[in-house]
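Quick caveat, the model's predicted, so the values are computed rather than measured.
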Amino acid sequence: MPDRVGPQTRFFEQDVTLKKNSKGEIMVSSDGTLEPTATVRITNGRTGTVKNAAVSAEQGFKMSLGKDVKDGDILVVQVNDAAGNAAKP
């Protein structure tokens with residue numbers, strides 16, 4: 001029977017860390033709150049840029065959003081499990 005249920009998440013704003021690295025890139029990460037093997041997709045609402053990262057076995061992820069993130073940008077986060085089911089917001 002196919003998996004039709006989205007990943008269970010406890011993903012809240014306070015679970016996410018945004019930092020600028022030494023190259024000027026905005027790095028985003030979260031530890032221990034997501035379903036392993038899920039994919040995190042972050043879309044910058046201003047630029048339309050989309051970035052993806054795999055969730056690790058430790059239930060976290062890390063990715064670079066690049067240098068084109070500005071104060072006030074809205075970042076839309078979507079989590080999908082390995083079967084492609086989306087987590088409920």
Side-chain angles (χ1 to χ4, degrees):
M1 178 171 243
D3 175 6
R4 293 194 173 109
V5 178
Q8 298 301 309
T9 61
R10 293 180 304 122
F11 192 68
F12 302 103
E13 188 174 316
Q14 65 266 22
D15 295 328
V16 177
T17 302
L18 289 167
K19 286 196 263 186
K20 188 181 282 191
N21 69 13
S22 62
K23 297 176 186 176
E25 299 171 321
I26 303 299
M27 302 300 294
V28 60
S29 63
S30 179
D31 293 320
T33 59
L34 299 169
E35 181 178 310
T37 72
T39 300
V40 177
R41 177 181 183 152
I42 299 179
T43 304
N44 183 320
R46 178 180 59 83
T47 66
T49 301
V50 177
K51 300 288 184 167
N52 295 292
V55 176
S56 70
E58 291 79 30
Q59 298 179 304
F61 74 93
K62 294 178 185 171
M63 75 170 82
S64 169
L65 297 179
K67 297 179 181 180
D68 193 30
V69 177
K70 299 183 187 280
D71 286 343
D73 280 0
I74 295 173
L75 302 175
V76 179
V77 179
Q78 178 65 54
V79 181
N80 294 314
D81 67 12
N85 301 306
K88 293 182 182 181

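Side-chain atoms of Lys62 never come within 3.5 Å of backbone atoms of Ala53 as a donor-acceptor pair (strictly under, hydrogens ignored).
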Stepwise side-chain contact (heavy atoms from CB on, under 4.5 Å) test for Val77 and Val28: CA-CA 11 Å; Val77 179; Val28 60; over 6 Å; no

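Residue Leu65 holds its CG atom at 8.0 Å from CE of Met27, rounded to the nearest 0.5 Å. A distance of 10.0 Å separates CZ of Phe61 from OG of Ser56, quoted to the nearest 0.5 Å.
Closest of all the heavy-atom pairs between Lys67 and Lys23 is CE-O, 2.8 Å. Of all heavy-atom pairs spanning Pro36 and Ala57, the tightest one is CG-O, 4.0 Å.
Placement of Leu34 and Leu18 within a single hydrophobic cluster is found when ILVMFWY residues are connected by side-chain heavy-atom separations under 4.5 Å, directly or transitively.
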Let me have the donor-acceptor pairs involving side chains of residues 38-46, under 3.5 Å, with sequence neighbours excluded, atom names and distances please.
| residue | atom | partner | partner atom | Å |
| --- | --- | --- | --- | --- |
| Asn44 | OD1 | Arg46 | N | 2.8 |
| Asn44 | OD1 | Thr47 | N | 3.3 |
| Asn44 | ND2 | Asp73 | OD2 | 2.9 |
| Arg46 | NE | Asp73 | OD1 | 2.7 |
| Arg46 | NE | Asp73 | OD2 | 3.3 |
| Arg46 | NH2 | Asp68 | O | 2.8 |
| Arg46 | NH2 | Asp68 | OD1 | 3.4 |
| Arg46 | NH2 | Asp73 | OD2 | 3.2 |

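Ile74 shares a hydrophobic cluster with Val76; the chain of contacts runs through ILVMFWY side chains whose heavy atoms sit under 4.5 Å apart.
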